[in-house]
There are 2 protein chains.
Amino acid sequence: MKYQKIPEATIRRLSRYSRCLEVMEQAGEEVVSSAQLANRCMVNAAQVRKDLAYFGEFGIRGVGYYVKDLFNDIKKILGSNKEWRMAVIGIGNLGSALLSYKDFLKQNYKIVAAFDIDPPQVIGRVSEKLGKPVEVLHINRLKEVAKERRIEIGLITTPPSEAQAVADLLVEAEVRGILNFAPTQIVVPEGFVAKDVFFTTILDNLAYLLSNN
Amino acid sequence: MKYQKIPEATIRRLSRYSRCLEVMEQAGEEVVSSAQLANRCMVNAAQVRKDLAYFGEFGIRGVGYYVKDLFNDIKKILGSNKEWRMAVIGIGNLGSALLSYKDFLKQNYKIVAAFDIDPPQVIGRVSEKLGKPVEVLHINRLKEVAKERRIEIGLITTPPSEAQAVADLLVEAEVRGILNFAPTQIVVPEGFVAKDVFFTTILDNLAYLLSNN
DNA sequence: CAAATTTTGTGAAAGGAGTCACAAAATTGA
DNA sequence: TCAATTTTGTGACTCCTTTCACAAAATTTG
């Protein structure tokens with residue numbers, strides 16, 4: 001396992017394999033071949049093996065992969081075996097949706113704080129749907145609370161005009177991971193990671209495919 | 001402009017260029033060079049020119065691109081110049097969020113219908129935030145209403161267990177574009193387009209980057 | 001009006017990612 | 001125990017995407 005740059009596509013696929021393996025494990029399946037896994041995930045069998053090869057040898061020749069072990073190994077690779085503590089900043093519609101997104105969020109991603117800027121009807125409101133209730137706090141408490149609750153990921157759901165300012169606050173609070181839902185590109189310093197989720201890009205993509213088929 | 005398969009990455013970047021150009025146009029900028037545009041979008045200048053070259057010649061040598069014209073041309077390419085009429089199926093938290101997502105949705109993507117299965121507290125409820133109010137209807141009216149309101153894109157925000165069934169309904173109703181937010185892979189026949197938005201994949205990606213830096 | 005400057009459009013080169021094909025390793029069965 | 005079978009791990013190949021580099025076209029300047 002000598003070092004190589006790992007393609008982002010590989011990481012995305014690992015996440016997919018992980019989802020499949022979870023289902024298989026729950027279904028009581030014990031062993032899976034690269035061909036079977038590939039089938040379920042709609043990819044090439046060699047692709048599955050190549051992706052895994054970046055990180056080591058997980059299979060047994062002539063047999064395949066032990067579902068349970070592979071599932072754990074992939075989670076370890078992705079870092080999704082640990083619990084990630086997240087904060088939502090901007091409690092409008094999308095922020096509220098995320099706060100009660102139980103069905104969509106895997107158990108290891110926990111929202112443990114929520115912030116907004118002042119609207120009195122929001123501050124202090126409590127979301128109880130996801131395990132422990134989460135109280136909405138004023139944004140000026142971000143730094144203090146981030147430390148206290150060991151927050152590692154911030155979800156930005158403010159209007160675009162505020163997104164970069166919020167990102168700066170998160171950086172200051174040493175929250176190293178940012179997922180930005182506002183339709184504006186976020187910039188963060190070295191050592192931090194920001195991903196933009198552009199809703200519009202996805203729709204534009206769909207529109208293009210619909211227009212040209 | 002002879003035919004070539006256009007990479008999906010190109011389409012994603014065009015959407016990005018489009019967003020930048022919109023801002024530039026509003027700022028009153030009239031001309032932009034590939035280098036400037038590339039800078040703003042964090043890509044290579046040759047990349048910008050190559051991407052555009054798939055579709056024709058839009059620039060003037062020695063000058064650059066007219067912001068307004070290029071913006072229009074790209075919208076035409078993407079099919080985002082026309083109005084797209086959408087329906088949300090599954091009015092839980094995420095569905096509700098989408099219904100009032102004004103800030104995040106561009107003007108040409110309009111939600112003109114909302115469906116759910118039976119919960120009486122939801123059916124008949126009206127979302128007014130986005131221009132015209134949208135009443136939540138029972139899912140069994142999907143086919144009829146889809147035709148009536150000329151719906152072209154369906155947004156699936158049901159629990160994962162129902163997602164494929166809803167997709168099948170949309171196919172039956174000849175809604176050709178599907179954006180699926182449920183964490184399960186959707187399959188549609190030839191001639192239809194389905195995109196999955198896996199929230200968890202994005203978070204896994206972030207977790208990986210945070211764990212390995 | 002011609003030389004200098006700018007910037008596009010594009011062929012060629014470089015770099016990555018995906019697929020193929022097969023040796024190596026494990027198992028099964030006679 | 002050994003041949004047949006299965007399936008992994010991986011080098012080689014192919015295909016696709018990005019970057020480079022430069023001729024061609026337009027503008028600006030003296």
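The chains referred to below are lettered A, B, ... by the order of the sequence lines, with proteins before strands, and numbering in each begins at 1. Computed from a prediction, not measured in an experiment: that's the story for all the values here. As a basis for the values below, the full set of heavy atoms in this structure was taken, side chains included, without hydrogen atoms, waters or symmetry mates.
- Rounded to an integer number of Å, the gap from A/Lys5 NZ to C/dG15 C1' is 12 Å.
- Atom CD1 of A/Ile11 is separated from atom P of C/dG18 by 12 Å (rounded to the nearest Å).
- For the segment residues 25-36 of chain B, the set of residues with a heavy atom within less than 4.0 Å of an atom of DNA chain C comprises B/Ser33, B/Ser34, in numerical order.
- Among residues at least two apart or in separate chains, there is no salt bridge (charged side-chain N to carboxylate O under 4.0 Å, His left out) pair with a member in residues 52-72 of chain B.
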Solution key, residues 181-192 of chain A side-chain donor-acceptor pairs under 3.5 Å, sequence neighbours excluded:
none

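- Partners of A/Gln36 by side-chain contact (heavy atoms from CB on, under 4.5 Å), not counting sequence neighbours, listed by chain and number: A/Val32, A/Ser33.
- Looking at residues two or more places apart in sequence or on another chain, you find no side-chain contact (heavy atoms from CB on, under 4.5 Å) involving A/Ala165.
- Put simply, CD on A/Glu8 is 13 Å from P on D/dT18, counting in whole angstrom units.
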Between the protein and nucleotides 19-22 of chain C, are there any N/O to N/O pairs under 3.5 Å, and if so, what are the atom names and distances?
| residue | atom | partner | partner atom | Å |
| --- | --- | --- | --- | --- |
| C/dT19 | OP2 | A/Gln47 | OE1 | 3.4 |
| C/dT19 | O4 | A/Lys50 | NZ | 3.0 |
| C/dC20 | OP2 | A/Asn44 | ND2 | 3.3 |
| C/dA21 | N6 | A/Arg49 | NH2 | 3.3 |

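- Listed by chain and residue number, nothing satisfies the salt bridge (charged side-chain N to carboxylate O under 4.0 Å, His left out) test with B/Lys76 (two or more places apart in sequence, or in another chain).
- The OH-P distance, from B/Tyr54 to C/dT8, rounds to 18 Å in whole Å.
- Proximity of a side-chain donor or acceptor of B/Thr157 to a complementary backbone N or O of B/Gly90 within less than 3.5 Å is detected.
- For B/Lys50 and B/Tyr54, the positive end is not near the middle of the six-membered ring at less than 6.0 Å and at most 45° from its axis.
- A heavy-atom distance below 4.0 Å to DNA chain D is reached by these residues of residues 57-75 of chain A, ordered by number: A/Glu57, A/Phe58, A/Gly59, A/Ile60, A/Arg61, A/Gly62, A/Val63, A/Gly64, A/Tyr65.
- Residue pairs satisfying the salt bridge (charged side-chain N to carboxylate O under 4.0 Å, His left out) criterion with at least one member in residues 150-162 of chain B, sequence neighbours excluded, are listed as follows: B/Lys82-B/Glu152.
- A/Asp51 places its CG atom 13 Å from the P atom of D/dT10, with the value rounded to the nearest Å.
- Nucleotide C/dT10 holds its P atom 14 Å from the CZ atom of B/Phe55, rounded to whole Å.
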Could you tabulate the donor-acceptor pairs under 3.5 Å formed by side-chain atoms of residues 19-29 of chain A, not counting sequence neighbours?
| residue | atom | partner | partner atom | Å |
| --- | --- | --- | --- | --- |
| A/Arg19 | NH1 | B/Thr201 | OG1 | 3.3 |
| A/Glu29 | OE1 | A/Arg40 | NH2 | 3.4 |
| A/Glu29 | OE2 | A/Arg40 | NH2 | 2.9 |

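- The salt bridge (charged side-chain N to carboxylate O under 4.0 Å, His left out) test applied to A/Arg12 returns A/Glu8, not counting sequence neighbours.
- In this structure, the side-chain contact (heavy atoms from CB on, under 4.5 Å) partners of A/Leu210, at least two apart in sequence or on a different chain, are A/Leu206, B/Trp84, B/Ile153, B/Arg176, B/Val193.
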